[in-house]
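Note sheet for the following structure.
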Amino acid sequence: MLFSLFSSSLGRLRVVGFLEGLSFLVLLGVAMPLKYVFGQPEAVRAVGMAHGGLFVLYVLLVIGAALEYGWSLRKALLAFGASVVPLGTFWADKRLFRAEK
């Protein structure tokens, strides 16, 4: 099942969207409190770098999927906007990306 997701640009977007959303939650819910409450900034460096890479990859995959599937500007902007809201990529997966199948 997981490997079949990698066979299409939409499937790759869904996987990266999940990982990007998860990294965002870890950054906000674990790494940031470790830095600001407990004075341990190492977690923000590590998780922040991973999240940044996943964010860039997510944006590139949204552009590719929007072009391939002929998404409207509204749908593409919703997909982009979902990446900056906690839990947004999970919403996008359910409401935008699964509907494309």
Side-chain angles (χ1 to χ4, degrees):
M1 168 69 183
L2 180 63
F3 292 113
S4 66
L5 285 174
F6 289 104
S7 65
S8 70
S9 61
L10 187 61
R12 288 185 291 275
L13 174 60
R14 291 183 63 205
V15 170
V16 170
F18 174 80
L19 294 173
E20 194 273 341
L22 185 62
S23 72
F24 195 23
L25 293 177
V26 171
L27 181 64
L28 295 177
V30 177
M32 298 289 279
L34 282 173
K35 179 178 180 176
Y36 292 109
V37 177
F38 300 105
Q40 298 178 352
E42 298 81 18
V44 169
R45 285 188 203 111
V47 176
M49 185 173 287
H51 172 69
L54 288 166
F55 174 79
V56 169
L57 186 55
Y58 176 84
V59 168
L60 293 173
L61 289 171
V62 166
I63 292 169
L67 292 173
E68 182 177 338
Y69 292 98
W71 289 354
S72 67
L73 181 60
R74 179 183 182 277
K75 185 171 183 171
L77 290 176
L78 281 172
F80 286 127
S83 68
V84 296
V85 177
L87 303 174
T89 56
F90 303 112
W91 173 86
D93 180 60
K94 184 173 177 123
R95 301 293 179 161
L96 300 176
F97 308 150
R98 287 187 192 178
E100 197 64 49
K101 286 184 165 181

Item to check | Heavy-atom closest contact (Gly17 atom, Thr89 atom, distance) | outcome: O-OG1, 2.9 Å

Checklist outcome for this item: Distance col, row Ser72:OG vs Leu78:CG, nearest 0.5 angstrom, shows 8.0 Å

Item to check | Joint hydrophobic cluster, Val37 plus Leu25, side-chain heavy atoms closer than 4.5 Å | outcome: no

Item to check | Note, Val30 side chain near Val47 side chain (heavy atom, < 4.5 Å) | outcome: no

Checklist outcome for this item: Residues at least two apart in sequence or cross-chain that pass ring pair (Phe, Tyr, Trp, His ring centres under 6.0 Å) with Phe90, listed by chain then number, are Phe18

Checklist entry - How close do Ser83 and Glu20 get, heavy atom to heavy atom, and via which atoms? => result O-OE2, 3.5 Å

Checklist entry - Shortest non-hydrogen contact from Ser7 to Arg12? => result C-NH1, 3.8 Å

Next on the checklist: Closer than 3.5 angstrom, by distance alone: can the side chain of Tyr58 be matched with the main-chain N or O of Leu19 as a donor-acceptor pair?
Outcome noted: no

Checklist entry - With side chains defined as the heavy atoms from C-beta onward, is the minimum distance between Gln40 and Lys35 less than 4.5 Å? => result no

Checklist outcome for this item: All heavy atoms of Ala31 vs all of Val44, minimum pair found to be O-CG2, 3.3 Å

Next on the checklist: For Ala65, give me all partners under side-chain contact (heavy atoms from CB on, under 4.5 Å), at least two apart in sequence or on another chain.
Outcome noted: Leu13, Tyr69, Trp71

Next on the checklist: According to a hydrophobic-cluster definition based on side-chain heavy atoms being under 4.5 Å apart (Ile, Leu, Val, Met, Phe, Trp, Tyr only), do Phe38 and Val26 belong together?
Outcome noted: yes

Next on the checklist: Taking Leu87 as the starting point, is it possible to reach Leu27 by hopping between hydrophobic residues whose side chains are less than 4.5 Å apart?
Outcome noted: no

Checklist entry - Honestly curious: do Leu10 and Phe80 fall in one hydrophobic cluster under the side-chain, below-4.5 Å linking rule? => result yes

Item to check | Inter-residue atom distance Arg14.CZ - Leu61.CG, 0.5 Å rounding | outcome: 13.5 Å

Checklist entry - Do Met49 and Val16 belong to the same hydrophobic cluster, where Ile, Leu, Val, Met, Phe, Trp and Tyr are linked whenever their side-chain heavy atoms lie under 4.5 Å apart, directly or via other members? => result no

Next on the checklist: Is any side-chain heavy atom of Phe24 closer than 4.5 Å to one of Val85?
Outcome noted: no

